[in-house]
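Report on one structure; see the data block that follows.
This structure is a prediction, so every number in the text was calculated from the model and none was measured. Ligands are counted one by one from 1 in listed order, and the atoms in each one are counted from 1 as well.
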Amino acid sequence: MTKSGRNAQVAGGGFAGLTAATALAQRGWDVTLHEKAPDLRAFGAGIVLWNNSLRVVEALGLLDQLESRSMVSPFYETRIHNETVSREDFDGLPWRNMTRQDLHDVLAEGAKAAGVNIRVDSEVVSADPEGSLTLADGTVVEADLVIGADGVTSKVRDSIGFEQERTKSRDGITRLIVPRNKHLLGPGDWDNVIDFWNFEPRVLRVLYVPCDDERLYLALMSPADDPEGSAVPINLDVWVENFPHLEPVLIPAAKAEGRYDRYQTNLLSNWTAGRVALIGDSAHAMCPALAQGAGTAMSNAYTVAVAATQSSTEGLSDALVEWEKAERGITDRCQARSAYFAETRSMSKGNQFTQEMLETALYNPTVQSV
Ligand code: FAD
Ligand code: 5PR
């Protein structure tokens, strides 16, 4: 590890911010992370992680902790009207499922162990490409490097004024964690991830993702213009009528809290301005079809830390431009493919994880690490 002694200010304590902060602190940076919420907590329910983010977690020294709180499914199965159309195992490519809270906890523990100064209740209101953040209480903090990891509604991004195109998809999803109730589900390969699609009599989908022995992540998809399908709490009668075999997990889903979200995509002209770099959803929010929003966030968080460490203080802005050039193509392609799947709903055909579609998952962002 090199000791750089330089100062980094990170806006946002989600997966992107925690990963960047830890990778920087482990390289000798003096890192402060600002999270506007009163505590470090994950939003949402469950998550699928692929090889790319698992390699990042490994490089941060946190893979054992992650493995003990996640599980491996034998297959990613796709069904249409409850008929199996494919069972994919990705030829041994590592992938894992877990709750978002567990991933967040693993990353937050890693950040604390690396010496990141974590400030909760610390809202960032703007950033300056010269190298500073302004907080809601008016404090201005200066930094050699500023990271905007403040999510899809990023203030760091919007205060600087990056050009962007935003789109919202026609479908959206309610995400929940429920008990697995495996014994009530009857015979079946209930350790698989199972993507259940129905087109008749209406478009509804249940993505079934076991996270461990006790907890199941359910993502219930419906078009936004279907008021019954998109109702929260979920409309139990509608979901059970369409997925009767899932009744034992839909009953607790109807009692759980949840939020219906439409998929958002934003495409920026640039991810960097001077000493500021945007990572994660602030830079490239994407549809979830390939389950790579957090994956690309963590990859780019890691590689920006490496690139910034390798640069001199004077050369930092140029190094950030070079970093964007290196990572942009693969991220943009993943975002475009995810948008295509969301638009066409063609994941339902099964066998969609071709080598091309797995490009991001196969990527190892840590190979040129310092
Ligand atoms: P966020 O997780 O949004 O974190 C931003 C953080 O910044 C938050 O803690 C927030 O409180 C804080 N913040 C915001 N504004 C400020 C401010 N002004 N000052 C200080 N702090 C601030 N990805 C996957 O890889 N696999 C999946 O299976 C997957 N499933 C998904 C399912 C759905 C339905 C959706 C919508 C997304 C899914 N994603 C998935 C994508 C993934 O959730 C996001 O891409 C990922 O959480 C982005 O991380 P982030 O750290 O950039 O942003
Ligand atoms: N994969 C995952 C996921 O959570 C979603 C999708 C795919 C892990 C939805 O939340 O295609 O919408 C999807």
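When ring centroids are compared, Y208 and W190 come within the 6.0 Å threshold. Remark: aromatic rings of F353 and W50 are close, center separation under 6.0 Å.
Salt bridge absent: D212 and R180 never bring a charged side-chain N and a carboxylate O closer than 4.0 Å. A salt bridge between R205 and D195 is present, with a side-chain N of the basic residue lying under 4.0 Å from a carboxylate O of the acidic one. In this structure, E58 pairs ionically with R55, as a charged nitrogen and a carboxylate oxygen lie closer than 4.0 Å. Using a cutoff of 4.0 Å between basic side-chain nitrogens and carboxylate oxygens, E356 and R337 are scored as salt-bridged.
Contacts with ligand 1 closer than 4.0 Å are made by backbone heavy atoms (N, CA, C, O) of H34 only, the side chain lying farther away. Only the backbone of S122 comes within 4.0 Å of ligand 1, judged by heavy-atom distances. Contacts between I47 and ligand 1 below 4.0 angstrom, taking non-hydrogen atoms only, involve backbone and side chain alike. By the criterion of a heavy-atom distance under 4.0 Å, the side chain of P288, and not its backbone, is placed next to ligand 1.
For atom 34 (C) of ligand 1, the choice among R119, R175, Q292 with the nearest heavy atom turns out to be R175. Comparing R100, R41, E123 by heavy-atom distance to atom 30 (N) of ligand 1, the nearest is R100. Of the candidates G44, G280, A294, G14, A294 brings a heavy atom nearest to atom 25 (O) of ligand 1. Residue nearest to atom 1 (P) of ligand 1, selected from G148, S126, G151: G151 (by heavy-atom distance).
Regarding atom 7 (O) of ligand 1, its nearest protein heavy-atom neighbour is G12 CA, 3.3 Å. Annotation: atom 18 (N) of ligand 1 to nearest protein heavy atom, V124 O, 2.9 Å. The protein heavy atom nearest to atom 11 (O) of ligand 1 is E35 OE2, 2.6 Å. Looking at atom 52 (O) of ligand 1, its nearest protein heavy atom turns out to be D281 N, 2.9 Å. Looking from atom 14 (C) of ligand 1 to the surrounding protein, the closest heavy atom is D150 O, 3.3 Å.
A donor atom on one side chain and an acceptor atom on the other are found under 3.5 Å apart for D137 and T139. Defined by atom type and a distance below 3.5 Å, a donor-acceptor pair is missing between the side-chain atoms of W197 and T78. One side chain, N364 or T366, offers a donor N or O that lies under 3.5 Å from an acceptor on the other. Between the side chains of Q164 and D158, a donor-acceptor pair is found at a separation under 3.5 Å. Using a 3.5 Å distance cut-off with no hydrogens or angles, the side chains of N52 and Q292 do pair a donor with an acceptor.
The distance from ligand 1 to the heavy atoms of A149 drops below 4.0 Å at these ligand atoms: 5 (C), 6 (C), 7 (O). Applying the 4.0 Å criterion to heavy atoms of A16 picks out, from ligand 1, the atoms 50 (P), 51 (O), 52 (O). Below 4.0 Å from some heavy atom of I173 lie the following atoms of ligand 1, by number and element: 34 (C). Short contacts between ligand 1 and A291, defined as distances under 4.0 Å to a heavy atom of the residue, involve ligand atoms 24 (C), 25 (O), 26 (N), 27 (C), 28 (O). Proximity to K155 (heavy-atom distance under 4.0 Å) selects the following atoms of ligand 1: 18 (N). Which parts of ligand 1 touch G295 is read off a 4.0 Å heavy-atom cut-off, strictly below it: atoms 25 (O).
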What are the atom names and distances for all N or O pairs under 3.5 Å between ligand 2 and the protein?
unit_1   : atom_1 : unit_2 : atom_2 : d
ligand 2 : 4 (O)  : Y217   : OH     : 2.6
ligand 2 : 10 (O) : Y217   : OH     : 3.2
ligand 2 : 11 (O) : R205   : NH1    : 3.0
ligand 2 : 11 (O) : R205   : NH2    : 3.1
ligand 2 : 12 (O) : R205   : NH1    : 3.3
ligand 2 : 12 (O) : Y263   : OH     : 3.0

Check against side-chain hydrogen bond (donor to acceptor under 3.5 Å, both in side chains), E327 and Y363: CA-CA 11 Å; E327 304 300 336; Y363 179 51; 2.9 Å; yes

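No donor-acceptor distance shorter than 3.5 angstrom exists from the side chain of S154 to the backbone of D150, with no hydrogens or angles considered. Although no hydrogens or angles enter the test, the distance criterion places no donor-acceptor pair under 3.5 Å between the side chain of S70 and the main chain of M98.
In this structure, R87 forms a cation-pi arrangement with F75, its terminal cationic atom sitting closer than 6.0 Å to the ring centre and no more than 45° off the ring axis.
In terms of polar-atom proximity, defined here as any N/O pair under 3.5 Å, K36 does make such a contact with ligand 1.
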